[in-house]
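Since the structure comes first, as structure tokens, the remarks are kept for the end.
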Amino acid sequence: MTAPPDIVQVALPLPLLQVFSYRVPPEWREAVRPGCRVLVPFGRRHLTGVVVPELPPDPLPSPLKPILDVLDDTPALTDELLRLTRWMADYYVCGWGEVIRAALPPGLEIESRRRLYPGHPPAEPPGERAAAVLRFVAEHPGTTIRRLRQELRFASYALLHRLVARGWLQLEESLEAPRVQIKKEQHVRFAPAYRTPAAQEAVLEKLRGARQRALVTALQALRLEGVAEPTRAELLARADASPATLRRLVELGVLELVEKEVIRSPLEAEPVPKAAPVTFHPEQQAALDRITEAIEARRFETFLLHGVTGSGKTEVYIAALKRVRAQGRTGIILVPEIALTPQTVRRFRAHFGDEVAVLHSRMSDGERYDTWRQLRAGRYPIVIGPRSAVLAPLENLGLIVVDEEHERSYKQFDPAPRYHARDVAVYRAYLNGAVCVLGSATPSLESYLNARSGKYTLLEMRRRAPAVGHTPARLPSVRLVDLRHTRLVNGNPLAPPLARAIAQRLERGEQVILLQNRRGFAPVLECAECGWSPHCPHCSVTLTYHKVQHQLRCHYCGYATRHPGTCRQCGAAALEPLGIGTQRVEEALRALFPEARVLRMDLDTTRGRRAHHRLLDRFARGEADILLGTQMVAKGLDFPRVTLVGVVNADTGLLLPDFRADEHTFQLLMQVAGRAGRADRPGEVLLQTRNPDHRVFRYLLRHDYAGLARELLAERHQLGYPPYARLAVLECSGPDEARVAELARSWTEHFQQVCHQHAGGHLIDTLGPTPALHERLKGRYRYHVLVKVPRRTGAPPLQPLLRQALETFPPLPRAYRLTLDIDPAGLS
DNA sequence: AGCACGCCGACT
DNA sequence: GTCGGCGTGCTC
């Protein structure tokens, strides 16, 4: 045992790439341990930070400020999570404190805030602006300076200080309690002297008031029913008594109140479903055997479980998790978006009952906090959740599953840390000697290459599981509807073949899923005649159209060219912004099939807490014939009566200015295609396209993931894209465009110099700066610099160089910012 | 990210 | 001379 430290390092939730040293007053020496949250003075305010296991810097900054409070008895973060978050901060080039914030439930921070209150009424008339400030504070007493300055832009610190100096305003510094608290409820029980039936009878005779006696008998009755200590509200309702009566009995010493913690959990109320019997087909068994072997050996190993839709990946996860549980170890199951995968959750609950905790994207802060505390206390050995669950406080981890590992929602974008949960999962498994299973029908090329190169172990399941319940046994047939020669009348987005197919299903009483992929907000041009789209000659991405300069630009390398006027392929003067005329699918459906019941599923119709469930349940119960929606309809449940999947415009995804456009489109279309058909009724998939010869469709028709992957990998290799290169995007933003552009340029130069000094310069490419895809967002201009390093041995590690460049770059003007995105998921 | 300070031009 | 706008620098 080493002596308690008198100096500790503290990570603060700020975008600063450093930690800070604090003095520990004697009274806190025993309590302070790495991972504990502490309240510290920082500049003029107070912040909640976390003690991290770092040594103090050698020339100690002086004088040190003291820690003001230790907020945890048990450290909020385990040593393992401290190591993991440290690694993330290094890898994603961000503050350790920022990562730690992502690992803790939101709303726990204590911060000091300076708040404004009205002071004396002014004796002399204040100026116009001063009057406006006083009015605002009178209307919003206790407002923060920040809020006030948002409303009244002219309210400078100088003005506020003047008003405070004259006593017209009061400025108070207050510590804000955490937004989230442990919820407590008052329970009632007999005081110790009255716990025996005899004592209770005696007191009943002594009591005069009928209400008082009613309360005592009600408590006795509840006790007989097994509720020894009912809640206050429960007891009062039962006895039809008032709080005053209860208070009186407490004063008399007959009853006493006890506070109990309440766990806010959305799950407790739901019954545990029954597990369906599981039989494994040979491919499943083989995959499971390989995973089990690593689990039994307690060896770190990452598996890529590549299994077609319906091949039974979830059963493999469950069986692997059972092995891990048998060893007394714990597991994390990551799913892309929990609201869309109720079925997966149900299956895990069926097998593991209340060992499973679920983290939701739609949980309240209170529920989140309670679940986190329970996990931290070891109450649940299993957690299912979206990307943030990779940081769940489980100890003794044996397994991390990343289901649908190719999904982009695993990459966090806004606020920092901009981490990829899949990659963090692999590293966390490594730290724990655990097994990581990445599952997908259409793996990301990153994972696929890692599997081919032997870094991961590739497990393939090519066959669909035999029809158990509703699982389809045959792959659906895929057909293309060539839109090039189909005149769509009056903007009707449904070409005759698709309309006919829908009519047929409606007649037969079968169901239809229509995917209306509307994610095409990029200003990409498409020839309305032939479907051709201008591409960058160097980067294999579509060019975007910029009205002001009448230019086409590449967002990767900055290549720019004039608008060509006519289509290069067919010569028609029909280059139009993508996505025109595809917004009216619902109207068209109602016009064509007035009797059909259509269910819309998009961001607007799925607002509420359980809106997803409700919509999908209604469709599953057959309350609608057609489910129309954005990519949400591709995920979620299997619907046995769906025999047709239609894609209104399969090209939208292909034309996004992203080098992963083909990969993502294939993944989405494969997934939505998997919704069609079952054993007794084969499914059909119709894709409307103007590019029927596109390679994505060529491989899709044959359900040939491996073929497309080979072709895409060859291209990525040639162009130097991931997975053969590591990418980072530096974004420079601010209110003045010329200045943003200039800053981006000078940063690029600075970075190149740093590279030259520390890495010999070669191997590291910078592209740009180029205006971002959405050049102006919320009044700020944004420029991007793309940094590319080949991913082979001998290449310099990128992060230290970026860190070095950021740290040595001269300070930015106010309102201008540099942000980094390591392994970006796409351009934004 | 806050927060404060200090410099400058434009008003009373 | 002050006021108010804005750029600069620091936080253990």
Side-chain angles (χ1 to χ4, degrees), chain A residues 5-25 28 32 38-52 54-69 89 94-102 106 109-116 124-133 143-150 152-166 171-176 414-417 733-736 739-740 742-743 780 806-820:
Chain A
D6 52 357
I7 294 171
V8 287
Q9 300 303 108
V10 175
L12 296 168
L14 301 171
L16 299 174
L17 301 179
Q18 70 213 276
V19 293
F20 294 86
S21 308
Y22 283 90
R23 184 161 58 74
V24 186
W28 294 119
V32 165
V38 287
L39 186 68
V40 293
F42 188 73
R44 280 234 175 206
R45 53 203 169 131
H46 296 159
L47 291 176
T48 303
V50 169
V51 176
V52 293
E54 286 272 283
L55 291 175
D58 193 354
L60 211 53
S62 66
L64 295 185
K65 288 187 181 176
I67 277 174
L68 302 174
D69 200 351
C94 63
W96 196 348
E98 289 181 289
V99 186
I100 287 174
R101 187 179 46 196
E109 318 76 31
I110 299 176
E111 277 185 42
S112 68
R113 279 267 157 70
R114 293 156 77 80
R115 293 182 170 281
L116 292 167
E124 67 225 67
E128 200 181 307
R129 293 181 164 188
V133 169
T143 181
T144 59
I145 296 176
R146 190 176 193 211
R147 165 119 186 273
L148 182 130
R149 294 191 41 153
Q150 263 166 14
L152 306 154
R153 303 305 292 268
F154 55 80
S156 64
Y157 281 94
L159 174 62
L160 294 179
H161 278 140
R162 259 195 318 285
L163 296 177
V164 170
R166 286 181 200 170
L171 182 60
E172 280 179 18
E173 167 144 344
S174 61
L175 269 194
E176 308 272 304
D414 233 4
S733 67
D736 180 72
R739 208 148 167 203
V740 168
E742 174 49 33
L743 273 171
R780 297 171 65 80
L806 281 182
E807 279 169 354
T808 53
F809 194 64
L812 297 163
R814 199 147 191 39
Y816 290 81
R817 280 219 308 266
L818 295 179
T819 47
L820 259 186

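So that the names make sense, note that chain A is the first sequence line, chain B the second, and so on, each numbered from 1.
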[X] side chain, from C-beta outward: closest of [options]:
X        : options              : value
A:Arg44  : C:dC12, B:dA4, C:dG9 : B:dA4
A:Leu14  : B:dA1, C:dG7, B:dA4  : B:dA1
A:Tyr22  : C:dG9, C:dC12, C:dT8 : C:dC12
A:Leu16  : C:dC12, C:dT8, B:dA1 : B:dA1
A:Arg739 : C:dG7, B:dA1, B:dA4  : C:dG7

Starting from [atom2] on [N], measure out to [atom1] on [X] and report it in whole angstrom.
X        : N      : atom1 : atom2 : answer
A:Glu98  : B:dA1  : CD    : C1'   : 9 Å
A:Leu39  : C:dC12 : CG    : C1'   : 14 Å
A:Glu807 : C:dT11 : CD    : P     : 15 Å
A:Leu17  : C:dC12 : CG    : C1'   : 16 Å
A:Leu812 : B:dA1  : CG    : P     : 10 Å
A:Gln18  : C:dC12 : CD    : C1'   : 9 Å
A:Lys65  : C:dC10 : NZ    : P     : 15 Å
A:Leu47  : C:dC12 : CG    : P     : 10 Å

Exercise: identify the closest heavy-atom pair between [X] and [Y]:
X        : Y        : answer
A:Leu17  : A:Glu807 : CB-OE2, 3.9 Å
A:Pro66  : A:Pro25  : CB-CG, 4.1 Å
A:Leu68  : A:Trp28  : O-NE1, 3.6 Å
A:Arg101 : A:Ala416 : NH2-O, 4.1 Å
A:His46  : A:Leu39  : CB-CD1, 4.2 Å

For nucleotides 9-12 of chain B, give me every protein contact, N/O to N/O, under 3.5 Å, one pair per line with atom names.
none

TODO: Using a cut-off of strictly less than 4.0 Å, decide whether A:Arg45 has a side-chain nitrogen or oxygen near OP1 or OP2 of B:dA1.
DONE: no
Open item on the list: Using a 4.0 Å heavy-atom cut-off, does A:Pro41 contact any base of the nucleic acid, only the sugar-phosphate backbone, or nothing at all?
Closed with: sugar-phosphate
Open item on the list: Counting the atoms with a prime plus P, OP1 and OP2 as sugar-phosphate, which does A:Pro811 contact under 4.0 Å by heavy atoms, base, sugar-phosphate, or nothing?
Closed with: sugar-phosphate
Open item on the list: Tell me which one of A:Leu60, A:Val24, A:Ile67 satisfies side chain to side chain contact (heavy atoms under 4.5 Å, CB included) with A:Ile7.
Closed with: A:Leu60
Open item on the list: With heavy-atom distances below 4.5 Å as the criterion, would you say the side chains of A:Leu12 and A:Val40 are in contact?
Closed with: yes
